Amino acid sequence: MSPFNKRLAPPRMFGLPLLAALSGLGTLMGLLSAVVLPSPFATLALLVGLSALPPGIWAASIGDDIVFARVYWVCYGDTKAASEEALWV
């Protein structure tokens with residue numbers, strides 16, 4: 001039996017975890033807005049678009065393991081103990 005339970009799967013949008021999809025859309029909208037907006041707003045849109053990129057990369061790299069990371073941090077917060085299997089986090 002697989003240790004991964006489909007009930008715990010993170011919500012998906014466009015086949016990506018929700019945070020990765022939303023960050024990708026935020027990056028795309030920020031970069032496209034930077035092209036069409038006037039100068040001061042273009043800089044702001046570029047910064048917002050680029051700031052949305054790191055959370056999306058993180059969420060895409062973690063993927064479905066976010067469930068195990070969430071369980072690990074809840075357990076660690078309660079007991080301050082980490083199992084050997086969960087030390088990858």
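Starting from 1, each residue takes its place in the sequence as its number. Since this is a predicted model, take the numbers as computed values, not measurements.
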How many angstroms lie between atom CD1 of I57 and atom OG1 of T27, to the nearest 0.5 angstrom?
->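 The distance works out to 8.0 Å.
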Show every donor-acceptor pair shorter than 3.5 Å between a side-chain atom in residues 40-52 and any protein atom, with sequence neighbours excluded, or say none if there are none.
residue: T43; atom: OG1; partner: S39; partner atom: O; Å: 3.2
residue: S51; atom: OG; partner: L47; partner atom: O; Å: 3.2
residue: S51; atom: OG; partner: V48; partner atom: O; Å: 2.8

In sequence, state the C-alpha distance, the side-chain angles, and the governing distance for V36 and L32, and then conclude on side chain to side chain contact (heavy atoms under 4.5 Å, CB included).
-> CA-CA 7 Å; V36 296; L32 290 176; over 6 Å; no
